[in-house]
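Keep in mind the model is a prediction, meaning the values are calculated, not measured. Position 1 is the first residue of the sequence; numbering continues from there.
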Amino acid sequence: MVGVNGIPVPLIVVDAANVVGSVPDGWWRDRRGATERLRDVLAPLAATGLPQRPDVPDWAREPPLELLLVVEGAARTVASVPGVRVEAAPGPGDDRIVELVADRRPPDRPCLVVTADRELRERVTAHGAAVAGPRSVRA
């Protein structure tokens, strides 16, 4: 996605299962509903930028942003909404996230992956992505 003056719009990839699971609010009783609630919290951030936090790069605090929510399992049927594109992983969500980061165009497009998963963090930083924890998108 290209923004104003041909500058690539930063890509924010959210690990839905990890971010939803970071808050013990009963999400395990309704994974789909919990993922929809997360999606709805994310939607305004495309136009406002992410909140200022130590783990959020400056470029991710400025709109516009492309927000991509990667879902798996019971949450695969969650639909996209304006501001958030939902990507249903055909297999493990972590593998799909790594593919999306590795295949982004242009390859130097700023990319932030939101997850607390240590192994996933290592895999995406190897492809040039920045990482932030779940609190970067959850108040």
Pairwise side-chain contact, Val56 with Pro51, heavy-atom cut-off 4.5 Å (strictly under): no

Identify all side-chain donor-acceptor contacts of residues 18-27 below 3.5 Å with residues at least two apart in sequence or on another chain.
unit_1, atom_1, unit_2, atom_2, d
Asn18, OD1, Thr115, OG1, 3.4
Asn18, OD1, Ala116, N, 2.7
Ser22, OG, Val19, O, 2.6
Asp25, OD1, Trp27, N, 3.2

Val9 versus Pro64, closest heavy-atom pair with distance: CG1-O, 3.4 Å

Residues forming a salt bridge (charged side-chain N to carboxylate O under 4.0 Å, His left out) with Asp55, sequence neighbours excluded: Arg53

Distance (rounded to the nearest 0.5 Å) between Trp59 CH2 and Leu50 CG: 9.0 Å

Shortest non-hydrogen separation from Val70 to Gly93 and the atoms involved: CG1-O, 3.9 Å

Those residues that, when tested against Glu62, pass side-chain hydrogen bond (donor to acceptor under 3.5 Å, both in side chains) (two or more places apart): none

Leu120 vs Ile97, side-chain contact (heavy atoms from CB on, under 4.5 Å): CA-CA, chis, key distance, verdict: CA-CA 8 Å; Leu120 178 58; Ile97 290 168; 3.9 Å; yes

Salt bridge (charged side-chain N to carboxylate O under 4.0 Å, His left out): pairs with one or both residues in residues 31-40, sequence neighbours excluded: Arg32-Glu36

Heavy-atom pair of closest approach, residues Ala75 and Thr35: CB-OG1, 3.5 Å

Contacts of type salt bridge (charged side-chain N to carboxylate O under 4.0 Å, His left out), residue Asp108, not counting sequence neighbours: none

Candidate pair Leu112 and Val13, rule side-chain contact (heavy atoms from CB on, under 4.5 Å), full reasoning: CA-CA 6 Å; Leu112 176 70; Val13 182; over 6 Å; no

pair Pro90-Arg96: side-chain heavy atoms closer than 4.5 Å: yes

Separation of Ser136 OG from Gln52 CD (nearest 0.5 Å): 13.0 Å

Nearest heavy atoms of Leu65 and Ala60, plus distance in Å: CD1-O, 3.3 Å

Shared hydrophobic cluster for Ile12 and Val131 (ILVMFWY, side-chain gaps under 4.5 Å): no

hydrophobic_cluster_shared for Leu42 and Val71, side chain cutoff 4.5 Å: yes

Stepwise side-chain contact (heavy atoms from CB on, under 4.5 Å) test for Leu100 and Leu68: CA-CA 10 Å; Leu100 291 164; Leu68 180 56; 3.6 Å; yes

Full working for side-chain contact (heavy atoms from CB on, under 4.5 Å) between Arg104 and Glu99: CA-CA 8 Å; Arg104 73 189 186 277; Glu99 289 172 4; over 6 Å; no

Linked, directly or transitively: Val81 and Leu11 (ILVMFWY side chains, under 4.5 Å): no

For the student: nearest non-hydrogen atoms of Ala46 and Leu67, plus distance: N-CD1, 3.3 Å

Inter- and intrachain pairs under salt bridge (charged side-chain N to carboxylate O under 4.0 Å, His left out), touching residues 121-134, at least two apart: Asp95-Arg123

Side-chain touch Val101/Val98, heavy atoms, less than 4.5 angstrom: no

Flag side-chain contact, heavy atom, 4.5 Å: Pro63 against Thr48: no

Minimum-distance pair of heavy atoms, taken over all atoms of Val78 and Val86: O-CG1, 3.4 Å

